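In this text, all values refer to a predicted model and were calculated from it rather than measured experimentally. Note on naming: letters A, B, ... go to the chains in the order of the sequence lines (proteins, then strands), and numbering restarts at 1 for each one. Every heavy atom of this structure was used, including side-chain atoms; hydrogens, water molecules and symmetry mates were not.
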Amino acid sequence: MSKIRVRFAPSPTGYLHLGSLRTALYDYVYARKMGGTFVLRIEDTDQTRLVEDSVDNLITSLATLGIDYDEGPHKDGGFGPYFQSQRLPLYMKHALELIEKGHAYHCFCSKETLDQMREEQVGTHNNMKYDGRCSRLSKDEVTARLLNGEPHVIRMKVPKHQSFVFDDIIRGRVDIESDLIDDQVIIKSDGFPTYHLAAVVDDHYMEITDVIRGEEWLSSTPKHIFLHESLGWTPPHWVHLPLLLGTDRSKMSKRQGDVAVESYLSKGYLKEAIINFVALLGWHPAGDKEIFSLEEMISEFDFAHVNKAGAIFDVTKLDWMNGQYIRSLPLEYIADCSRTYFLEAGFDISDHGKYLKVVDKSRNYVSILSLITDYAAKFYIFPKIKETDKDFLTSASSQKVLSYFCDRLRIKYNWTKDELAELVSKGIEELEIKGKQYYQPLNLALWGETSGPDIPTALDILGTEETIKRFQAIMK
RNA sequence: GACCCCAUCGUCUAUCGGUUAGGACUCCAGAUUUUCAUUCUGGCAAGAGGGGUUCAAUUCCCCUUGGGGUCGCCA
């Protein structure tokens, strides 16, 4: 058996779709698992949809996520170029070869003609397809019109009364009648190939063994098989993944909300969580394990455990999983990922020791990292005391608590967390007051709110100086 | 409309003929916590319907229903 070669073949439309990410992930994991090669190929055959910088974006996003390709742009593996726009002559050559063999033909029908044809077919109890009129043109007429410079495309000529049968790795046997298949355009009037031709030609020349793609391609697979066979090639294995669905159960798309991986990344979803979560949409490892790394996925991945049914992308569980990662990944790493949000909020995080403590405490309160500053703010922003709380804070009892702490804290500069814990528990004994009378003024003075982190941790993070400053601000 | 694919808690899923149908998210309750968050414990919640095959069907087959995909000179 030959070595596995798989490809991820996005079209550069500006961002990495969550569904594409999952496909890329399965490609990557499968290649790693099998000791195969993962190829990145850019399908930029639609000149009308080119988005500037999107290829760089895509490559950056994949790199950020840790999904490395073995061959592709900037990584020549001897099968390049990896941009379809740079392989045009190859597609044309095979399109002409197909014409020669009688498997394709020139078509001169205008857009208007085609629109009208479709309109006439609406309501018919049939599949809508091209009626094949140009396939019946005489050779002489074709030559004449070509010479005359008439705009034209090349269409595949699908045989009648035949059936295309193939075995999908996930779905098993699929059988489709050739009469249902349209004479699909393979070369557009601008000379560019359509997806169908380009993908088939490239898959062949790049020696792709397994085509892993979304289920939306299932019904056009016969066209691809037809092209492979007409060209005398052996088709690859087909692996059609279940679709990623929006909450309305339809194919996940931009208009249902965020589908760009980049936007999840910038909102503060960790790559570990995104990958873990997306992987689970359609696949699951043995047992009840739900949190796993890319490495673990590689060792356990198997198409036999990929589902057939589409999966709804429910962000609620992603939030939970992201929270799990925020809390369990190394503190320095989380601090690193959070930095940008703190800077955006304008917090002075030059004191790295304090910053780490803040992150360590705050990470318990968020499931999306961009929101970490909501909680962390209390450690960086001086509290505003509400008018309604002032009476309580200036009461003799409250003042006693605050001055108790100011007095003790002033003794030295460096308090350990244990010492602070001891101080706090000793304080409530020595002052002989109830919990509420004790903690309420401290919380209010510290944050302007009645709740907050436990006091020893709070004082440890804030530091002696800042703590005293906050207390003194409301002491008479 | 035609064709193709699919069908277990609200959601992601386990089960590859015999289970009290398991786990996770969400939600609810309790414990821990001065409070909040975290964490822990417990609870609610599912085999679309109808036929077969079988000693036995969620599991295999068929039909119905439901959902999705495709039907572009887009991928």
Got a list of protein N/O to nucleotides 31-35 of chain B N/O distances below 3.5 Å?
{"from": "B:rU34", "atom 1": "O4", "to": "A:P453", "atom 2": "O", "distance (Å)": "3.4"}
{"from": "B:rU34", "atom 1": "O4", "to": "A:I455", "atom 2": "N", "distance (Å)": "3.3"}
{"from": "B:rU35", "atom 1": "O2", "to": "A:G452", "atom 2": "N", "distance (Å)": "2.8"}
{"from": "B:rU35", "atom 1": "O2", "to": "A:G452", "atom 2": "O", "distance (Å)": "3.0"}
{"from": "B:rU35", "atom 1": "N3", "to": "A:G452", "atom 2": "O", "distance (Å)": "2.4"}
{"from": "B:rU35", "atom 1": "O4", "to": "A:D454", "atom 2": "N", "distance (Å)": "3.2"}

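Every residue was checked against the salt bridge (Lys or Arg N to Asp or Glu O under 4.0 Å) condition with A:D56, not counting sequence neighbours, and none meets it. Partners of A:K417 by side chain to side chain donor-acceptor pair (under 3.5 Å), not counting sequence neighbours, listed by chain and number: A:T457. Shown here are the side-chain contact (heavy atoms from CB on, under 4.5 Å) partners of A:D418, two or more places apart in sequence or in another chain: A:T416. Remark: A:R136 engages no residue in a salt bridge (Lys or Arg N to Asp or Glu O under 4.0 Å) (not counting sequence neighbours). For the ring-ring contact (aromatic ring centres under 6.0 Å, His included) test, no residue two or more places apart in sequence or in another chain qualifies with A:F392. A:F471 pairs by the ring-ring contact (aromatic ring centres under 6.0 Å, His included) definition with nothing, not counting sequence neighbours. For A:F192, the ring-ring contact (aromatic ring centres under 6.0 Å, His included) criterion is met by no residue, not counting sequence neighbours. Applying the ring-ring contact (aromatic ring centres under 6.0 Å, His included) criterion to A:H17, with sequence neighbours excluded, gives no partner residue.
The stretch residues 244-253 of chain A touches RNA chain B through A:R249, A:S250, A:K251, each having a heavy atom under 4.0 angstrom from the strand. Applying a 4.0 Å cut-off to non-hydrogen atoms, the residues of residues 281-288 of chain A that approach RNA chain B are A:L281, A:G282, A:H284, A:D288, listed by residue number.
Contacts classified as side chain to side chain donor-acceptor pair (under 3.5 Å) and involving residues 322-331 of chain A (residues at least two apart or in different chains) are given here: A:N276-A:Y325.
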